[in-house]
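Numbering starts at 1 and runs along the sequence shown.
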Amino acid sequence: MADRDLDVAHVARLARIRLTAEETQLFQAQLGDVIAFAAQLREVDVSGVEASAHASPIFDVFREDKARDSFTQEEALQNAPQQAKGLFVVTKVVE
């Protein structure tokens, strides 16, 4: 359980989220449930199952790129809270 306590606190710090003690306990319990479910999945015999990315075969799912009408720069920026030199101005989130 102590590892989960540290994991929840560490992820909260990385996400810059302040958690109350109650929220931390809730997330610790949810993390425990996820880990228990993953342990259940490890017990399933999948030796006869072929690896795949989708439940059913999917072929030629790409469409051809075609240029289409879009917003002008002015239209895209018209509701921007802040803009400068034709660009959106946003708060720096990466140090």
Non-hydrogen atoms of [X] and [Y] that approach each other most closely:
| X | Y | value |
| --- | --- | --- |
| Arg18 | Glu23 | O-OE1, 3.9 Å |
| Ala84 | Val89 | N-CG2, 3.6 Å |
| Leu77 | Leu87 | CD2-C, 3.9 Å |

Measure the CD-CD distance between Gln83 and Gln78 for me, rounded to the nearest 0.5 Å. 10.0 Å
From Thr20 OG1 over to Leu26 CG, what is the distance, rounded to the nearest 0.5 angstrom?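 The distance works out to 9.0 Å.
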How far apart are the C-alpha atoms of Glu43 and Asp45, what are their side-chain angles, what is the distance that settles it, and do they pass the side chain to side chain contact (heavy atoms under 4.5 Å, CB included) test? CA-CA 6 Å; Glu43 296 173 10; Asp45 179 18; over 6 Å; no
Run the numbers on Ile35 and Asp33 for side chain to side chain contact (heavy atoms under 4.5 Å, CB included), then give the verdict. CA-CA 5 Å; Ile35 292 170; Asp33 292 343; over 6 Å; no
Looking only at atom types and distance, does a side-chain atom of Gln82 sit under 3.5 Å from a main-chain N or O of Val90, one as donor and one as acceptor? no
Out of curiosity, does Ile17 fall in the hydrophobic cluster containing Val8 (side-chain heavy atoms, cut-off under 4.5 Å, transitive links)? yes
